Amino acid sequence: MWSLYALTIVAGLANAIQPGQNATLSKSLGLPVTAGLLTLLVSTSVLLVGGLALGKLELPTGQQLGQVPWWAWFGGFLSVLLILAQLYASPAIGAASFLGIIVTVGVVVSLVLDHFGWVGFQVHPASLWRVAGAVLMVIGVGLVAVF
């Protein structure tokens, strides 16, 4: 379990650093959509090489593909939205405001997803303390964005 927390911490670090990297790629090329495609190409290449190296890359069967809920196919679309936000919004509003908004909105929406068990998550009721934490995050990101 600790390794999953460590992976999550490293992903959090990457989440803070990646918008600057992607925005710099976009600015350097002067081609935001091309930069987004290159970002996805690098991501795909890393997953391909890593999956092959670890022996974890397999093609799904038709039966497996048929069992996927319709909404699960839109994760890639949401990744594109995140990359576009990194390319366009992060340079304009700054790293702290950008990441604060991304994380805070993510926590607020996650409370709803957890509470109702939507999009594949187990039910975790939205207790008073969880809601209070989300409200404090909204206040905190507001302070970061304003000041």
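Fair warning: this is a prediction, and the values are worked out from it, not measured in the lab. If you read the sequence from its start, that first residue is 1, and numbering goes on from there.
- For residues 116-135, the salt bridge (charged side-chain N to carboxylate O under 4.0 Å, His left out) pairs, not counting sequence neighbours, are D114-R130.
- Linking Ile, Leu, Val, Met, Phe, Trp and Tyr whenever their side-chain heavy atoms come within less than 4.5 Å leaves I93 and I83 in two separate clusters.
- Sorted by first and then second residue, the salt bridge (charged side-chain N to carboxylate O under 4.0 Å, His left out) pairs with a member in residues 60-77 form an empty list; sequence neighbours excluded.
- Minimum heavy-atom separation, A96 to V144: CB-CG1, 3.7 Å.
- A pairwise comparison of heavy atoms in T24 and G20 identifies OG1-O, 2.7 Å as the closest pair.
- The side chain to side chain contact (heavy atoms under 4.5 Å, CB included) check on T61 picks up Q63, Q64, with sequence neighbours excluded.
- With a 4.5 Å cut-off between side-chain heavy atoms of Ile, Leu, Val, Met, Phe, Trp and Tyr, the cluster of V68 takes in L65, W73.
- The nearest pair of heavy atoms linking A23 to Q86 is CB-O, 3.7 Å.
- Cluster partners of V42, using a side-chain heavy-atom cutoff of under 4.5 Å among ILVMFWY residues and allowing indirect links, are V46.
- Distance check, rounded to the nearest 0.5 Å: CG of N15 to OG1 of T8 gives 11.5 Å.
- Taking CG from L41 and OG1 from T34, the interatomic distance works out to 12.0 Å, rounded to the nearest 0.5 Å.
- In the hydrophobic clustering of this structure, L82 groups with W71; members are Ile, Leu, Val, Met, Phe, Trp, Tyr whose side-chain heavy atoms approach within less than 4.5 Å, directly or through other members.
- Distance CD1/I9 to CG/L4: 11.0 Å, rounded to 0.5 Å.
- Between the CG atom of L136 and the CH2 atom of W129 there is a distance of 9.5 Å, given to the nearest 0.5 Å.
- Atom CG in L81 sits 12.0 Å away from atom CZ in F74 (nearest 0.5 Å).
- Annotation: side chain to side chain donor-acceptor pair (under 3.5 Å) contacts of T39 (sequence neighbours excluded): N22.
- Within the structure, no pair that satisfies the salt bridge (charged side-chain N to carboxylate O under 4.0 Å, His left out) test touches residues 17-38, not counting sequence neighbours.
- When hydrophobic clusters are built by joining Ile, Leu, Val, Met, Phe, Trp and Tyr residues whose side-chain heavy atoms come closer than 4.5 Å, directly or via intermediates, L111 is not grouped with V105.
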Test side-chain contact (heavy atoms from CB on, under 4.5 Å) on L29 and L38; report intermediate values, then the result. CA-CA 11 Å; L29 295 175; L38 289 170; 3.6 Å; yes
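- Between the H115 side chain and the P125 main chain, no donor and acceptor come within less than 3.5 Å of each other.
- Closest approach of P32 and Y88 over heavy atoms only: CB-OH, 3.2 Å.
- Summarising the geometry of S26 relative to A35, their closest heavy-atom pair is CA-CB, 3.6 Å, with the distance given to 0.1 Å.
- Under the salt bridge (charged side-chain N to carboxylate O under 4.0 Å, His left out) criterion, no residue pair touches residues 47-65, with sequence neighbours excluded.
- Between W118 and F116, the two ring planes are parallel [angle under 30°; tilted spans 30° to 60°].
- In the hydrophobic clustering, where aliphatic and aromatic side chains (Ile, Leu, Val, Met, Phe, Trp, Tyr) are joined below 4.5 Å either directly or transitively, M137 groups with L99, V103, V107.
- Residues L37 and L47 do not share a hydrophobic cluster, defined by chaining ILVMFWY side chains whose heavy atoms lie under 4.5 Å apart.
- Once rounded to the nearest 0.5 Å, the distance linking CG of L87 with CG of L25 reads 7.5 Å.
- Partners of I17 by side chain to side chain contact (heavy atoms under 4.5 Å, CB included), not counting sequence neighbours, listed by chain and number: Q21.
- Residues I139 and V131 are members of one and the same hydrophobic cluster, defined by side-chain heavy-atom contacts under 4.5 angstrom among Ile, Leu, Val, Met, Phe, Trp and Tyr.
- Closest heavy-atom contact between F98 and A85: CE1-O, 3.5 Å.
- Partners of S110 under the side chain to side chain contact (heavy atoms under 4.5 Å, CB included) rule, at least two apart in sequence or in another chain, do not exist in this structure.
- Membership of the apolar cluster around L48 extends to L52, L57, as traced through chained side-chain contacts below 4.5 Å between ILVMFWY residues.
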